[in-house]
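Have a look at the structure below, then the notes.
Quantities reported herein were computed from a predicted structural model and do not represent experimental measurements.
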Amino acid sequence: MKNYVITIARGFGSGGKDIGNRLSDALGIPVYEKQILEMASEQSGLSVELFKNVDEKLKGSYLRKKLQGYPSTNYIVEATEKNFISDVNIYNIQASIIRNLANTQSCIIIGKCADVVLKHFNNVVSIYVEAPRDVCVQSIMEKMDVTEQEANRMIYHTDKYRAEYYKYYSGGGDWTNPTNYDLTLNTGRISRENCVELIKEYLKIKGFI
């Protein structure tokens, strides 16, 4: 059977990454998140820190003021060109890796605007995971051992830069719009374990497993 890809967009603290890891174990396929940054660094010869610095975020106010459409270029420039380390080129390097993964193996990709990168692929299931703020706060407090105030601050800033990143690279799309995805799951109403089971059932309906 043809390989398939599951993309997971997630609100900070909603458990999307945890669901991705559980799904990886259940399906026996790899999950990619930070690994994509390392792969992009290896492919491009650029420091992995450059990719971490723009991981699902836009650098500088000049980009935040230009959330008006998809970047004018989606190809990877040569290392000799002065804009080789631009944010857009770094995004394009990651996007190239994501497309290659979708063409060659079954896997789970967390974040990275993967649903946008793979929107024209017919072997992709896109998931959005969210939860009410109090559920996310409690999750972050327990996982990261921070105060309620700090958890709220982290959620606000992380979701904000993820939304800006998605809007820029999707050409103005709303990261939380349920029509962007096959399934939208609320972990405040259904357990993470049952989210995995729901996704598996959907994969069966689609004929992927």
Side-chain angles (χ1 to χ4, degrees), residues 4-38 51-52 55-57 94 98 101-102 106-119 124-167 169-170 173-206 208-209:
Y4 61 91
V5 178
I6 303 163
T7 71
I8 299 179
R10 70 283 183 230
F12 191 59
S14 67
K17 181 177 180 179
D18 182 39
I19 290 169
N21 288 328
R22 291 170 185 259
L23 200 56
S24 173
D25 291 338
L27 297 172
I29 61 175
V31 59
Y32 295 96
E33 187 199 20
K34 299 299 184 186
Q35 298 91 330
I36 290 176
L37 307 182
E38 296 164 1
F51 291 92
K52 290 180 179 179
D55 184 22
E56 296 187 73
K57 62 175 72 76
Q94 293 182 159
I98 290 169
L101 289 172
S106 294
C107 62
I108 300 159
I109 301 174
I110 298 175
K112 310 294 181 287
C113 257
D115 64 289
V116 174
V117 174
L118 303 177
K119 65 181 178 180
V124 175
V125 168
S126 295
I127 311 294
Y128 178 63
V129 180
E130 192 52 279
R133 174 59 70 89
D134 62 321
V135 174
C136 294
V137 166
Q138 188 61 37
S139 175
I140 294 301
M141 288 173 64
E142 293 174 0
K143 181 179 180 181
M144 306 189 75
D145 192 25
V146 296
T147 64
E148 181 178 352
Q149 180 180 11
E150 179 64 9
N152 269 297
R153 187 194 68 80
M154 294 170 70
I155 291 167
Y156 172 78
H157 287 290
T158 303
D159 283 353
K160 184 174 185 293
Y161 73 63
R162 285 178 179 172
E164 290 177 341
Y165 183 90
Y166 190 95
K167 185 174 183 180
Y169 288 109
S170 67
D174 179 358
W175 172 50
T176 64
N177 185 345
T179 63
N180 295 337
Y181 308 98
D182 292 80
L183 296 174
T184 298
L185 303 175
N186 181 348
T187 53
R189 297 190 176 187
I190 183 171
S191 70
R192 297 178 185 184
E193 295 88 347
N194 283 333
C195 284
V196 171
E197 294 305 313
L198 270 175
I199 296 169
K200 286 168 60 180
E201 287 301 313
Y202 187 73
L203 291 170
K204 292 176 183 176
I205 291 170
K206 294 287 286 187
F208 291 150
I209 62 174

- request: Please step through side chain to side chain contact (heavy atoms under 4.5 Å, CB included) for the pair Val137 and Met141, ending with a clear verdict.
  value: CA-CA 6 Å; Val137 166; Met141 288 173 64; 3.6 Å; yes
message: Are there over 12 heavy-atom neighbours, none belonging to Glu150, within less than 6.0 Å of that residue's CD?
response: yes
task: Please report the closest heavy-atom contact between Ser106 and Ile29, naming both atoms and the distance.
output: O-CB, 3.7 Å
task: Give a yes or no answer on whether the side chain of Arg10 reaches the backbone of Ile127 with a donor-acceptor pair at less than 3.5 Å.
output: no
task: State, with a plain yes or no, whether a side-chain heavy atom of Tyr4 is found less than 4.5 Å away from one of Val125.
output: no
task: Might you work through the salt bridge (charged side-chain N to carboxylate O under 4.0 Å, His left out) test for Lys200 and Glu197, ending with a clear yes or no?
output: CA-CA 5 Å; Lys200 286 168 60 180; Glu197 294 305 313; 3.7 Å; yes
For Ile108 against Ser24, the heavy-atom pair lying closest together: CD1-N, 3.4 Å
field: Ile6: which of Asp182, Leu203, Ile109 passes side-chain contact (heavy atoms from CB on, under 4.5 Å)
entry: Leu203
field: Shortest non-hydrogen contact from Val5 toward Ala102
entry: CG2-CA, 3.5 Å
More than 12 heavy atoms of other groups within 6.0 Å of Asp145 CG: no
field: Polar side chain donor-acceptor pair, Thr7 to Ser126, under 3.5 angstrom
entry: yes
query: Is there a donor-acceptor contact under 3.5 Å linking the side chains of Asn180 and Tyr128?
result: no
query: Within the distance-only criterion (no hydrogens, no angle test), does the side chain of Asn21 pair as donor or acceptor with the backbone N or O of Val31 below 3.5 angstrom?
result: no
field: Spatial distance of atom CG (Asp159) from atom CD (Glu164) [nearest 0.5 Å]
entry: 11.5 Å
query: So, for Gly13 and Arg192, which heavy atoms are closest and what is the spacing to 0.1 Å?
result: O-NH2, 3.9 Å
- line: Here the gap from Lys34 atom NZ to Glu38 atom CD, rounded to the nearest 0.5 Å, amounts to 10.0 Å
- prompt: Measuring from Thr147:OG1 to Arg153:CZ, what's the distance to the nearest 0.5 Å?
  reply: 9.5 Å
field: Partner of Val129 under side-chain contact (heavy atoms from CB on, under 4.5 Å), chosen from Asp18, Leu183, Ile19
entry: Ile19
field: Between SG on residue Cys107 and CG on residue Leu23, distance to nearest 0.5 Å
entry: 11.5 Å
message: Less than 4.5 Å apart, side chain to side chain, heavy atoms only: is that true for Arg133 and Ile155?
response: yes
- prompt: Should Lys119 and Val124 count as side-chain neighbours, where that means a heavy-atom distance under 4.5 Å?
  reply: no
- request: Give me the ring orientation class for Tyr166 and Tyr181: parallel if the planes are under 30° apart, tilted from 30 to 60°, perpendicular past 60°.
  value: tilted
- request: Compare every heavy atom of Gly188 with every heavy atom of Pro132, then report the nearest pair and how far apart it is.
  value: CD-CA, 3.9 Å
- line: Interatomic distance, CD1@Ile110 vs NZ@Lys112, rounded to 0.5 Å, equals 8.5 Å
- line: On a heavy-atom basis, the closest approach of Cys195 and Thr187 is SG-CG2, 3.9 Å
